[in-house]
Chemist: 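Following this message is one structure expressed as structure tokens.
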Amino acid sequence: QVQLVESGGGLVQAGGSLRLSCAASGRTFSIYTMGWFRQAPGKEREFVAAVSWSGGRTYYADSAKGRFTISRDNAKNTVYLQMNSLKPEDTAVYYCAARPNYGSDPLPSSYNYWGQGTQVTVSS
């Protein structure tokens, strides 16, 4: 099993920045791709960004391109999501996820492991 723990959420004004962290533990050798998703009230969970664990290849949703940056620190088993130029529509619970294969498809069902989520609120 893989355990994922997110941190770094909070309240920020529009235009501000936040950095989310996700620490992985357990059978981390089985992780090939890690991703960030978000879910706003009344909406479906949506893909934000993903990174391959070995080569560092990155993938972004259109809403994240140019504003968010995903990165990983293999030595710390941690993935980060740097979010800049935040907008009120970025308000959501952000989830870290991991999958035991390489892939860029944005489907939540492709990910086997999930964190508990961290709230991000952007005020206007």
Chemist: Could you check whether any side-chain N or O of Thr33 sits under 3.5 Å from a backbone N or O of Val51, counting only pairs where one atom can act as donor and the other as acceptor?
Modeler: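 Checked: no pair found.
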Chemist: Would you say Val12 and Leu20 are hydrophobically clustered, going by side-chain heavy atoms of ILVMFWY under 4.5 Å?
Modeler: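 Yes, Val12 and Leu20 fall within the same hydrophobic cluster.
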Chemist: Would you tell me whether Tyr80 and Arg19 have side-chain atoms, one donor and one acceptor, within less than 3.5 Å of each other?
Modeler: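 There is no such pair between these side chains.
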Chemist: Could you tell me the separation between the OG atom of Ser85 and the CG atom of Asp90, rounded to the nearest 0.5 Å?
Modeler: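 Going from OG on Ser85 over to CG on Asp90, the span is 9.5 Å.
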Chemist: Examine distances only and state if a side-chain atom of Arg99 and a backbone atom of Asn112 form a donor-acceptor pair shorter than 3.5 Å.
Modeler: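 Not a single qualifying donor-acceptor pair exists.
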Chemist: Under a 3.5 Å threshold, yes or no: a donor from one side chain and an acceptor from the other, between Ser110 and Asp105?
Modeler: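 The answer is yes; a qualifying pair exists.
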Chemist: Would a distance-only check, ignoring hydrogens and angles, find a side-chain to backbone donor-acceptor pair under 3.5 Å from Glu6 to Gly117?
Modeler: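 Yes, because the side chain of Glu6 sits within donor-acceptor range (under 3.5 Å) of the backbone of Gly117.
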Chemist: Keeping the roles fixed (side chain from Arg27, backbone from Gln3), state whether a donor-acceptor pair exists under 3.5 Å.
Modeler: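 Side chain of Arg27 to backbone of Gln3, a donor-acceptor pair under 3.5 Å: no, none is there.
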Chemist: Tyr95 vs Thr118, test: side chain to side chain donor-acceptor pair (under 3.5 Å). Steps then yes/no.
Modeler: CA-CA 7 Å; Tyr95 296 91; Thr118 185; over 6 Å; no
Chemist: Considering non-hydrogen atoms only, spot the tightest contact between Leu4 and Val2 and give its length.
Modeler: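 Leu4 and Val2 have their closest heavy atoms at CD2-CG1, 3.8 Å.
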Chemist: Could you give me the CA-CA distance, side-chain angles and deciding distance for Gln119 and Thr91, then say whether side chain to side chain contact (heavy atoms under 4.5 Å, CB included) is met?
Modeler: CA-CA 8 Å; Gln119 177 70 47; Thr91 295; 4.0 Å; yes
Chemist: Test your reading of the model: is there a side-chain donor-acceptor pair from Ser109 to the backbone of Leu107, 3.5 Å cut-off?
Modeler: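 Checking the backbone N and O of Leu107 against the side chain of Ser109, no donor-acceptor pair under 3.5 Å is found.
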Chemist: Tell me whether Arg45 forms a cation-pi arrangement with Phe37, defined as NZ or CZ under 6.0 Å from the six-membered ring centre and within 45 degrees of its axis.
Modeler: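 No, Arg45 does not lie over the aromatic ring of Phe37.
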Chemist: Would you check if the side chain of Ser21 reaches a backbone N or O of Ser7 as a donor-acceptor pair within less than 3.5 Å?
Modeler: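 No, the answer is negative, given that no donor and acceptor are paired below the 3.5 Å cut-off.
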Chemist: Using a 3.5 Å distance criterion without hydrogens, assess whether the side chain of Asp73 forms a donor-acceptor pair with backbone atoms of Val79.
Modeler: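 Between the backbone of Val79 and the side chain of Asp73 there is no qualifying donor-acceptor contact (under 3.5 Å).
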Chemist: Looking at every non-hydrogen atom in both residues, tell me the closest pair between Trp36 and Leu81 and how far apart they are.
Modeler: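 The pair with the smallest heavy-atom distance is NE1-CB, 3.5 Å.
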Chemist: If every non-hydrogen atom of Tyr111 is compared with every non-hydrogen atom of Ala50, which pair is closest and at what distance?
Modeler: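 Heavy atoms only, the tightest pair is OH-CB, 3.5 Å.
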Chemist: At their closest point, which heavy atom of Ala92 faces which heavy atom of Ala40, and how far apart are they?
Modeler: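 Heavy atoms only, the tightest pair is CB-N, 3.8 Å.
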Chemist: May I have the list of side-chain donor-acceptor pairs in residues 55-66 shorter than 3.5 Å, sequence neighbours left out?
Modeler:
unit_1	atom_1	unit_2	atom_2	d
Tyr60	OH	Ile70	N	2.9
Asp62	OD1	Lys65	NZ	3.2

Chemist: For Thr78, is there any backbone N or O sitting under 3.5 Å from a side-chain donor or acceptor partner on Arg72?
Modeler: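 No, Arg72 side chain to Thr78 backbone: no donor-acceptor pair under 3.5 Å.
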Chemist: Between Ser17 and Asn84, does a side chain to side chain donor-acceptor pair (under 3.5 Å) hold up when you go through it step by step?
Modeler: CA-CA 4 Å; Ser17 298; Asn84 299 328; 2.9 Å; yes
Chemist: Once rounded to the nearest 0.5 Å, what's the spacing between atom CZ of Arg38 and atom CZ of Phe47?
Modeler: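 Here the interatomic distance stands at 11.5 Å.
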Chemist: Tyr32 and ring-ring contact (aromatic ring centres under 6.0 Å, His included): which partner among Tyr102, Tyr113, Trp53?
Modeler: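 Output: one option passes, namely Tyr102.
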Chemist: What distance separates Asn77 CG from Thr28 OG1, expressed to the nearest 0.5 Å?
Modeler: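 Output value for this atom pair is 4.0 Å.
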Chemist: State the CG-CD distance between Leu18 and Gln82, to the nearest 0.5 angstrom.
Modeler: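 Reported to 0.5 Å precision, the distance equals 8.5 Å.
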Chemist: Could you tell me which non-hydrogen atom of Gln116 sits nearest to which non-hydrogen atom of Val5, and how far apart they are?
Modeler: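 Here Gln116 and Val5 meet closest at OE1-CA, 3.9 Å.
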